[in-house]
Each structure stands twice: as structure tokens, then as C-alpha cells.
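The structure appears below as C-alpha cells.
Being a predicted model, the structure only gives us computed values, none of them experimental. Numbering starts at 1 and runs along the sequence shown.
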Amino acid sequence: MVDQRNIGVALVLFYLLLLSLLFKPTVEQRLSSSIEFTALFELRSSLGLKSRDWPRKVDPCSSWNGIRCENGSVFGINISGFRRTTVGTQNPRFAVDSLVNFTRLVSFNASKFLLPGSIPDWFGRRLLTLQVLDLRSCNITGVIPSSIGNLSNLSILYLSDNRLTGAIPSSLGRLLSLSVLDLSNNLLTGSIPPGIGALSQLQILNLSSNSLRFSIPAQLGDLDSLVDLDLSSNSLSGLVPEDLSGLRNLQRMVLGNNGLTGLLPVNLFRSPSLLQVIVLRNNSFTGELPEVIWSISGLNLLDISQNNFTTELPNFASYDNATAAVLDISGNKFYGSLTTVLRRFSSMNLSENYFERSVPDFVLGNASLGTNCLQNVSNQRTLTDCVSFYGERGLSFDNFGPPPPESGKSNSNRNRIILAAVLGGAGFIMLLTLFLLLVLRVHTRRRVSHRGIDVGQVCAETTPPSPGLAINFSSLGDLFTYQQLLQATGNFTEANLIKHGHSGDLFKGILESGLPVVIKRVDLQSIKKEVYLSELDFFNRFTHTRLVPLLGHCLEKENEKFLVYKYMPNGDLLSSLYRKINSETDGLQSLDWITRLKIAIGAAEGLSYLHHECTPPIVHRCSS
């Protein structure tokens with residue numbers, strides 16, 4: 001029994017001894033170089049660092065924030081985000097001369113620490129052991145010294161978010177160990193050095209948001225290890241080099257906001273591909289989009305908006321292993337139907353294209369569809385635009401719903417509609433002429449007390465707008481104050497009254513700028529609120545050259561609302577056609593029949609727009 005107890009104690013002591021050997025505390029690193037000790041305090045003084053970060057009377061290796069030591073020497077300095085003392089903020093400078101005394105310095109990180117001034121040329125001649133140089137957001141000015149190309153051990157170079165000027169030094173092509181090169185958000189000019197293509201270890205290349213010009217060097221296609229390429233927001237021009245197809249490890253390609261032109265190379269994108277992000281927006285690309293781009297299974301963002309791509313969408317089946325992605329192809333010339341290739345996208349902007357036919361269920365609810373040629377969708381292109389676009393390509397347009405007509409039949413039908421409207425308008429005018437002549441004979445010398453002025457009055461739709469109608473008032477001209485309208489109409493005096501209209505009284509007014517206008521005063525105590533809301537809703541959604549423009553509105557009074565229209569000095573149709581001329585009246589001459597036919601055609605165009613191009617069609621009450 002005693003022997004077993006002794007054996008147990010011995011085993012416990014053995015395990016404790018083993019643990020003490022395995023977890024023996026390491027000897028705390030201390031700075032042994034007096035030269036580096038002095039250099040640290042000189043750096044502390046020149047940069048104006050606070051004592052809470054670098055306190056006195058303690059060992060820097062063990063107690064200073066951001067200082068890393070090895071074998072008694074400093075090999076890493078990180079002052080990222082540090083703040084200067086009150087004295088140091090009065091005259092901040094790029095004062096780091098004492099760095100030359102750190103002969104084993106591997107990393108210097110001063111990101112987000114203000115260093116006004118330029119990068120010293122000696123950086124590239126004295127800090128030869130440097131592997132990481134991070135000077136992001138330091139307010140650095142001047143040029144990038146070419147001597148940086150001597151730092152053969154450098155693997156990471158961050159100089160983004162500064163005010164660097166001049167060209168990118170070609171000597172950077174000698175940094176063969178470089179894996180990250182970020183010069184974004186500066187004022188750099190000139191071209192991209194082709195020598196960068198020799199950096200075989202480079203994984204991240206970000207030159208975005210500068211003023212770089214000329215074409216993309218074909219040599220960038222030799223960057224076998226590149227994962228992230230961002231050349232956006234520059235002034236690059238020309239074609240995208242076919243050599244970029246050699247970037248087999250690329251996951252992110254961002255070339256947006258440049259002046260790149262022409263067709264994309266057919267084999268620019270591989271299949272299979274590692275690409276996750278493709279951004280080509282706001283360039284001048286033309287032609288078809290390489291079809292393989294739709295089959296990249298890992299793609300989660302495709303933005304090719306604001307270009308001139310013109311093609312139909314492929315009709316691929318849905319990919320079971322494809323990631324949910326965001327798509328923006330707005331501002332191009334895509335046409336045809338919305339196909340099943342769109343199933344994989346969780347958010348889509350398809351606006352400003354020429355898509356036609358109906359919208360599939362898998363697109364509804366997660367897509368922007370404005371300014372297309374789609375059926376039963378608001379804010380689409382006009383029939384003329386759509387027919388013209390498809391006609392230029394030898395295609396038939398579906399006329400927003402009906403089956404595609406036979407060849408030549410679409411234009412014929414439209415011509416018939418216009419001709420019928422013209423003839424109908426002319427007949428209406430002639431009948432109106434005969435009727436008014438009869439009235440004038442019976443009521444000779446009788447004058448109308450108030451002249452009618454065309455304010456483009458358009459009635460509400462067949463049903464009044466819903467109480468929850470959403471009107472974008474910012475698109476309805478200027479916002480006038482009630483005081484401005486009082487001044488313009490002389491307090492709405494009888495002298496400025498044009499006529500009592502169905503939906504409000506019309507007054508002539510002169511704005512402060514001298515512009516003559518017609519102001520409709522809607523009294524909500526005698527006229528339903530839906531009347532003026534319908535009129536606002538109409539001008540919010542539709543516009544046409546044959547309708548008098550709405551210049552603005554005033555809705556500040558509770559029981560009175562005001563709509564401001566452009567003033568038409570020639571009067572209404574009645575006055576233009578039949579008003580007699582004498583020496584005492586400064587009136588209009590009687591119109592010839594050619595002019596009357598032109599008026600009839602203009603009226604027919606306006607009616608055709610209201611009846612056939614507005615969705616839903618508009619019922620009009622007055623077309624004076």
C-alpha cells in the first residue's frame with residue numbers, strides 16, 4: 001500500500017517536472033543596442049508621440065506600443081493611428097531620419113498617422129532590410145522616389161489615400177518579392193509601367209482613383225499570382241488586352257470608370273474561373289458580352305452598367321452550384337426577352353435597355369426595370385423608340401403586348417392610326433367651325449368677357465388616384481410660395497382673371513424673373529382634392545411636346561392649391577381661328593387652311609400620345 005502511494009507521488013512529481021520544462025517562460029526581449037535606444041527616443045521626439053504610447057524609463061521592447069524586437073534589436077515599428085502631443089500637432093512633419101539607425105528593421109507601419117511632406121529618397125538606399133512599408137492615409141505629398149525600387153526584400157507596399165503626384169516609377173518593376181502594391185486614391189499621372197508585369201509574386205494590384213492615362217499594358221497578363229486587380233476611376237483608354245486572360249488566379253477584376261473602348265476579347269474570361277467580382281461600368285465597351293461570363297459559378301457581382309453592349313441574354317438553365325449574385329447591366333442596349341440566366345441573381349438593375357415582352361416571375365420583386373420596352377411595366381420607353389430600335393436590327397417589336405406583326409405591318413398600322421387621327425381632327429375642326437359660325441350669326445357683336453388660354457389641361461384618369469398615391473414632387477417643377485403667387489397676380493385681381501375653369505380659376509401672372517405664367521387656383525371647398533392630385537400625378541408620370549408644361553406648384557395653403565403653367569401668348573384655339581381683326585384691336589389674323597391642318601396634326605399627335613402611349617390610357621376633358 002505504501003509502495004503504491006510512493007509510486008503515485010512519483011508520477012505526479014514527474015508530470016509537474018515535464019510541464020515545467022514544456023511551458024518554461026521565455027526570457028523577456030530587451031533592447032540591447034544603445035544606438036537603437038537613442039534612435040527610438042529621437043523618433044519619439046521628432047514625431048511628437050505621447051508618453052502613454054512610448055513612456056520613458058522603461059524598456060521599449062517590452063513596454064512601448066507597436067515596438068517589436070528580436071535578439072535585442074528592433075525589427076518592427078507600428079505607429080498606426082497614434083496621436084501626437086499638443087506641441088507635435090502644431091508643426092507635423094515627415095521627420096523619421098532616425099529610422100536609418102535600425103539596421104534590422106523589417107516593418108514600418110505609420111498608416112493613419114499624419115506625415116505631411118514627401119517620402120525621403122534615402123528610404124530606398126538605407127532601409128534595405130524592409131519587407132513591409134505601410135504609409136496609407138498619411139497626407140504625404142510629392143513623388144514616389146525611384147529609389148524605392150532598391151528595396152529588394154519588400155513584399156508589401158501601401159501608399160494609398162495620400163496626395164502623391166507624378167508618374168509611377170518604372171523601378172517598382174524590380175521589386176520581385178512584392179505581393180501587395182496599393183497606390184490608390186492619389187494624384188498619380190502618366191501610364192502604368194509595363195515592368196509591373198514582371199512581379200511574379202504580386203497578388204494585389206490597386207492603382208484606382210488616380211489620373212493614369214493611355215492603355216492597359218499587355219504585360220499585366222503575366223501576373224500569374226494576381227488575385228485582385230483594380231484599375232478603376234482613372235483615364236485609361238483603348239482596348240482591354242487579350243493577354244489579361246492569362247490571369248488564371250484572378251478573383252476580382254475592377255476596370256470601371258475609365259475610357260476603355262471596343263469589344264471585349266472573346267477569351268478574356270476562362271471557364272472554369274475563380275472570378276467573384278467583375279466591374280466594367282462606365283466605359284465605352286461595345287458589341288456582345290462574352291457568353292462565358294454568365295457561366296462563372298462563383299461570380300457574386302457583375303456590373304457592366306453604362307456602356308454600349310448590345311446583345312440578347314443567353315437562355316442558360318439555372319446553376320445549382322452557382323452563388324447568389326448581384327447584377328447591374330443598366331444603361332446598355334440589351335434587347336429581347338428576360339431569360340432564365342437571370343434566375344441566379346438576387347438583385348438586378350436591368351433599366352435603360354430595350355428588353356421586351358412580359359416579365360418572368362423570377363425577375364419580379366428584385367429588379368429595376370425602368371426605361372425598357374416591357375409589357376405591363378411603368379416608366380417604359382415610347383412605342384416610337386422601341387419600334388425604331390428593333391427595326392434598325394431587322395427585328396419586329398411586340399408592340400407592348402400583341403404578337404409580333406407580319407413584316408411591314410407594324411409601320412402600316414401606326415401610319416393608319418396617325419392618318420385617322422389627323423383626318424378626325426380636321427373633321428372636328430370643320431364641324432366646330434360651322435357650329436360657331438351659326439352661333440356668331442345669332443349673337444352678333446357679342447364678345448366673350450374672358451379669353452381662354454391653353455394651359456394644357458388634362459383630366460384625371462378614368463378613376464381618381466388612390467388616397468395613398470405617391471407623387472414625386474421634386475420632378476414637378478419649382479416650389480413657389482403663396483406670397484410669390486400673390487405678387488405675380490396682383491393678389492389674384494379680376495383684371496388678371498383669364499377664365500373660370502372646370503378644375504379651378506385661371507389667372508395670368510408675371511414672376512419676379514419677368515416670366516409670364518398662368519396660375520390655376522384650386523378651391524378645395526368647391527372642388528374635390530382628387531382633381532388637382534390627378535393633374536399632378538399626370539405631370540409626374542408623363543410629358544409631351546404637345547402638352548403645356550407644368551412649371552411648378554404651391555401647396556402650402558390648406559384649402560387652396562396652385563399650379564403654375566407656361567403662358568401661351570397666342571390664346572386658345574377658338575381665338576386663333578375666329579377672332580375678327582380691326583384697326584382698334586391688336587388681335588390675330590385669320591389662319592389659312594395649311595396652318596389649320598398643322599394644328600390638327602399637332603392635336604392628333606397629342607391625342608395619340610394620351611390614348612396609345614400612356615399606360616393606362618388618359619381620358620381628356622379639354623384640348624384647347
- request: Apply the test side chain to side chain contact (heavy atoms under 4.5 Å, CB included) to residues Asn332 and Thr310: give CA-CA distance (whole Å), side-chain angles for both, the deciding distance (0.1 Å), then the verdict.
  value: CA-CA 7 Å; Asn332 283 282; Thr310 177; over 6 Å; no
query: Yes or no on side chain to side chain contact (heavy atoms under 4.5 Å, CB included) for Gln203 and Leu226, after CA distance, side-chain angles and deciding distance?
result: CA-CA 4 Å; Gln203 297 182 27; Leu226 198 65; 5.6 Å; no
- prompt: Side chains of Thr340 and Asn315: donor-acceptor distance under 3.5 Å anywhere?
  reply: yes
query: Have Arg357 and Ser337 got a donor and an acceptor in their side chains that come within less than 3.5 Å?
result: yes
query: Below 6.0 angstrom between ring centroids: does that apply to Tyr335 and Tyr354?
result: no
message: Counting the benzene-type ring for Trp, do Phe492 and Phe562 have ring centres under 6.0 Å apart?
response: yes
task: May I ask you to decide if the ring planes of Phe309 and Phe334 are parallel, tilted or perpendicular, using 30° and 60° as cut-offs?
output: tilted
query: If every non-hydrogen atom of Leu485 is compared with every non-hydrogen atom of Cys554, which pair is closest and at what distance?
result: CD1-CB, 3.6 Å
statement: Correct closest heavy-atom pair for Ile296 and Arg344 would be O-NH1, 2.9 Å
query: Under 6.0 Å from the CZ atom of Arg213, do we count more than 12 heavy atoms belonging to anything else shown?
result: no
task: List in chain and number order the residues that pass side-chain hydrogen bond (donor to acceptor under 3.5 Å, both in side chains) with Thr489, two or more places apart in sequence or in another chain; answer none if no residue qualifies.
output: none
message: side chain to side chain contact (heavy atoms under 4.5 Å, CB included) for Leu342 and Met348? Distances and angles first, verdict last.
response: CA-CA 8 Å; Leu342 300 175; Met348 293 171 276; 3.8 Å; yes
- request: Cation-pi check, Arg393 to Phe389: give yes when NZ or CZ is under 6.0 Å from the six-membered ring centre and within 45° of the ring axis, no otherwise.
  value: yes
message: Run the disulfide bond (SG atoms under 2.5 Å apart) test against Cys386 and tell me which residues pass, sequence neighbours left out.
response: Cys373
